[in-house]
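Throughout, a chain's letter reflects where its sequence line sits, starting with A, and its residues are numbered from 1.
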Amino acid sequence: MPELPEVETTRRGVENSVTGQRLAGAVVRNGRLRWPVPSDLDALLKGQVVQRVWRRAKYLIFETQTGSLIVHLGMSGSLRVVSADFPVEKHDHVDLLIESGAALRALRFRDPRRFGAMLWQPAGAGTHPLLAHLGPEPLEDDFTGAYLHAELKKRSTAIKLLLMDNRIVVGVGNIYANEALFRAGIHPAMPGDKLRRAVCDRLVVIVKETLAEAIAAGGSTLRDFVDAAGKPGYFQQNYFVYDRSDQPCFKCGTPIRTTRQGQRSTFWCPHCQSR
DNA sequence: CCGACAACCTGTGAGC
DNA sequence: TGCTCACAGGTTGTCG
């Protein structure tokens, strides 16, 4: 489920419910995620006030006075604000308990595949090894055509794999790598060092636009998902190429082709993405 | 340093 | 229906 737009939508959906709130602790039903959830999570969080909720790459960071809780949604994770007595379902592995007057609420972490993570970092979260060596945020001003061109010059790997390499830029997952390359007219197998500066300028703008559009769409269709009793929805998205193998390209009608790169599915239009 | 790929885990849909 | 297989939005770790 989560690419960067969903993670950012989740952040926006939960931040008002937890910022400035005191935590009553945590309930860990299954701590066997990507890495073990700290066994003393309840004690670590009890009494802490959440000062802000921010995002770095696809990590959500709940900052308190004594440290930061780092949350990753993996492939299938979600976070919702529910009443603490709301019935627990099969893959609801962790509740972060939020004191809010008389009613106890929970920030409930669900993750069927358990590729997600929940880690504690006593100092600033930026010093955590997982966050220490990440490339720029795609939506920030330091992700520029000049920067991308300089990075790609060193590499002959296929551009799609480089776009998904978090040392170069974070937060571009499989869907948006496919979509951005279609929009930019770039063949996904093009070696990185073959992209001219002007093409990099254009690709950077397109990556930003593609992610920003998805965040806007997620925000509009998932507005109340944190309060909903049902499972969180996934925003309706008209993909140009993703998951459209053999279907006609929306621009030229040529059947969309599919292959694998780096053990991930790649979709492209052989006519529109000639270079 | 780089690239290739195995691994973590459950659910779902296609095909037989 | 039920079985088996391939694949799924991510990322780390290991190997050559």
Contacts of A:Arg108 that satisfy side-chain contact (heavy atoms from CB on, under 4.5 Å) - sequence neighbours left out: A:Arg29, A:Val82, A:Phe86, A:Val88, A:Asp92, A:Asp95

Once you apply a heavy-atom cut-off of 4.0 Å, does A:Leu33 come out as touching a base, just sugar-phosphate, or nothing? nothing

Considering only side-chain heavy atoms of A:Arg155, which listed nucleotide, C:dT12, C:dG10, B:dG3, is closest? B:dG3

Letter by letter from the 5' end, nucleotides 9-15 of chain B scores (B base, S sugar-phosphate only, - none; protein heavy atoms under 4.0 Å) BBS----

Mind checking ring pair (Phe, Tyr, Trp, His ring centres under 6.0 Å) for A:Phe182 and listing every partner two or more places apart, or none if nothing turns up? A:Phe240

Indicate yes or no: does A:Lys208 engage A:Glu140 in a salt bridge with an N to O separation below 4.0 Å. no

Charged N to carboxylate O below 4.0 Å: is that the case for A:Lys154 and A:Glu151? yes

Please measure how far the P atom in C:dT14 lies from the corresponding atom in B:dC9, and state the result in whole Å. 16 Å

Is there a path of hydrophobic side-chain contacts, each under 4.5 Å between heavy atoms of I, L, V, M, F, W or Y residues, that connects A:Val94 with A:Leu119? no

Within residues 157-167 of chain A, the residues having a heavy atom closer than 4.0 Å to DNA chain B are A:Thr157, A:Arg167

Does a side-chain N-to-carboxylate-O contact under 4.0 Å join A:Glu137 and A:Arg55? yes

Please work out the stems of DNA chain B from pairs that are Watson-Crick or G-U wobble with both distances under 3.5 Å, keeping only runs of three or more consecutive pairs. B:2-8 with C:10-16, B:10-16 with C:2-8

DNA chain C contacts among residues 261-268 of chain A, heavy-atom distance under 4.0 Å: A:Arg264, A:Ser265

A:Asp243 has an atom CG; how far is it from atom C1' of C:dA6, in whole Å? 14 Å

Is any side-chain nitrogen or oxygen of A:His72 closer than 4.0 Å to OP1 or OP2 of C:dG10? no

